[in-house]
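Worksheet: one structure, shown below.
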Amino acid sequence: MGGGGNAVPTSGNDASDGAFAWFADPDPEIAFMAADLSTPARQALVALMVRAERTSNPDLKKRYRVEITKAAREELAGRRLISWEKGARGAIFHELTDLGWARARKEFRSPPPERVSGAWLLHYATLRHLDSLLERGDQQIADLYAEPDPGPPPAGTVEERIRDAYADLAAKPGDLIRLVLVRDRLPDVERAEQDRVLKEMDGRREIHLDPDPARNELPQEALDAAILIGGEAKHLITIGPT
């Protein structure tokens, strides 16, 4: 191809598929003034901004009920606003580039996309207030999104969260699930409190805690997550149908 542009992999950091898109080296302001982004692309840009770290579609869907479509991904990558690559199990991970963060900053003072829900209108109203705050304090978008979004506080009791974690991990009620995987879903709950609730549930026969017959082959984190009952280490949890 002719011209003085640079070849940029359409998949962000991974050019193994050999697909390339060609761009001139635009002045950032000129790039921003190009044809406006589509509504799905703008929503994807905002989702990546508030998440504030490299993230996958399953994570975005779980946290915000938003999914970056192929068309939106190609639109944003084509303007070098995001990079993306395939990770484990084929999940696609996205991240804003420096140009993407600069473009996201412009969303603070942009009118909301047309034909969006009331929730998005409220979101853009909030962005306008944040824009005023940043301007008054002479701060940057990096000051506002310095840390990844931790998500809302966990809802429910420890017992409810154990049940929810098991239901999310098990293919069906009664499946054996490693206890370490359930504990990983409760990072904010002290180990002693987890053990207390697990023992109470086990004592009421609402769950079954069992040793892993292949304990000698378990990774160290699975061994460390075991709970001692009657002097025996239990590595597995089962919850039957209610």
*Please collect all salt bridge (charged side-chain N to carboxylate O under 4.0 Å, His left out) contacts where either partner lies in residues 124-136, sequence neighbours excluded, each pair once.*
R105-D131, R105-E135, R109-D131, R109-E135

For residues 209-216, run the donor-acceptor check on the side chains, cut-off 3.5 Å, and write out each pair with its distance to 0.1 Å, sequence neighbours left out.
from : atom 1 : to   : atom 2 : distance (Å)
D212 : OD1    : A214 : N      : 2.8

*Residue Q220 excluded, over 12 heavy atoms near CD under 6.0 Å*: yes

*Which atom names give the shortest non-hydrogen contact between I82 and A77, and what distance separates them?*
CG1-N, 3.7 Å

_Distance-minimising heavy-atom pair for H123 and V50_ = CE1-CG1, 4.4 Å

*Nearest 0.5 Å, what's the CG-CG distance between L96 and L48?*
5.0 Å

*Of all the heavy-atom pairs spanning A41 and L76, show the shortest one and how long it is.*
O-CD1, 3.7 Å

*Indicate yes or no: does E193 engage R196 in a salt bridge with an N to O separation below 4.0 Å.*
yes

*Kindly compute the distance separating CG (L236) from CD1 (I227), expressed to the nearest 0.5 Å.*
12.5 Å

*Kindly say whether S38 contributes a backbone atom to a donor-acceptor pair with the side chain of E75 at under 3.5 angstrom?*
yes

*Determine, for R204 against E159, whether the closest basic-nitrogen to carboxylate-oxygen distance falls under 4.0 angstrom.*
yes

Output side-chain donor-acceptor pairs under 3.5 Å for residues 138-155, partner residues at least two apart or in another chain, one line each.
from : atom 1 : to   : atom 2 : distance (Å)
D143 : OD2    : Q140 : N      : 2.8
D149 : OD1    : G151 : N      : 2.9
D149 : OD2    : Y64  : OH     : 2.5

*Given side chains that start at C-beta, do those of E114 and T39 come closer than 4.5 Å, heavy atoms only?*
no

*Side chains of R161 and V189: does their closest heavy-atom pair fall under 4.5 Å?*
yes

_From CA spacing to verdict: side-chain contact (heavy atoms from CB on, under 4.5 Å), L45, E107_ = CA-CA 9 Å; L45 196 75; E107 288 296 310; 4.2 Å; yes

*Step by step, would you call V46 with W120 a side-chain contact (heavy atoms from CB on, under 4.5 Å)?*
CA-CA 10 Å; V46 169; W120 278 97; 4.0 Å; yes

_Assigning hydrophobic clusters by single linkage (Ile, Leu, Val, Met, Phe, Trp, Tyr; side-chain heavy-atom cutoff under 4.5 Å), is W101 placed with Y124?_
yes

*side-chain contact (heavy atoms from CB on, under 4.5 Å) between I177 and T238: does it pass, once the steps are laid out?*
CA-CA 6 Å; I177 297 297; T238 306; over 6 Å; no

*Could you pull out all residues at least two apart from R51 that satisfy salt bridge (Lys or Arg N to Asp or Glu O under 4.0 Å)?*
E53, D59

*OG1 of T157 to CG of D164: how many Å apart, nearest 0.5 Å?*
8.5 Å

*Of all the heavy-atom pairs spanning P113 and V116, show the shortest one and how long it is.*
O-CG2, 3.3 Å

*asked:* Could you check whether any side-chain heavy atom of V66 comes within less than 4.5 Å of a side-chain heavy atom of K61, counting everything from C-beta outward?
replied: no

*Taking E85 for its side chain and I92 for its backbone only, find out whether a donor-acceptor pair lies under 3.5 Å.*
no

*Are any non-hydrogen side-chain atoms of I237 and H208 less than 4.5 angstrom apart?*
no

*Is there side-chain contact between L179 and L198, with at least one heavy-atom pair below 4.5 Å?*
yes

*Using the rule that two of Ile, Leu, Val, Met, Phe, Trp, Tyr join whenever any of their side-chain heavy atoms come within less than 4.5 Å, decide whether L181 and V158 are in one cluster.*
yes

*Which distance, rounded to the nearest 0.5 Å, do you find between the CG of L176 and the CD1 of I239?*
11.5 Å

*Find the distance between CD (E221) and CG (D184) and round it off to the nearest 0.5 Å.*
8.5 Å

*At their closest point, which heavy atom of A226 faces which heavy atom of H235, and how far apart are they?*
CB-CD2, 3.5 Å

*What distance separates L37 CG from S110 OG, expressed to the nearest 0.5 Å?*
9.5 Å

_Set of residues satisfying side chain to side chain donor-acceptor pair (under 3.5 Å) with respect to S56, sequence neighbours excluded_ = none

*asked:* So that I can tick it off, tell me whether D195 and R183 are bridged by a salt bridge, with the cut-off set at under 4.0 angstrom between side-chain N and carboxylate O.
replied: yes

*Applying side-chain contact (heavy atoms from CB on, under 4.5 Å), name anything that partners D175, two or more places apart in sequence or on another chain.*
Y166, A170, A171, K172

*Worked check of side-chain contact (heavy atoms from CB on, under 4.5 Å) between L60 and E67*: CA-CA 6 Å; L60 291 174; E67 191 169 6; over 6 Å; no

*Can you find a heavy atom in the side chain of R163 that is under 4.5 Å from one in the side chain of E160?*
no

*Under 4.5 Å between any side-chain heavy atoms of D168 and R185, yes or no?*
yes

*asked:* Testing the basics here: between V197 and I162, what is the closest heavy-atom pair and its distance to 0.1 Å?
replied: CG1-CD1, 3.9 Å

_Do L134 and F108 make a side-chain contact, defined as non-hydrogen atoms from C-beta onward lying under 4.5 Å apart?_
yes

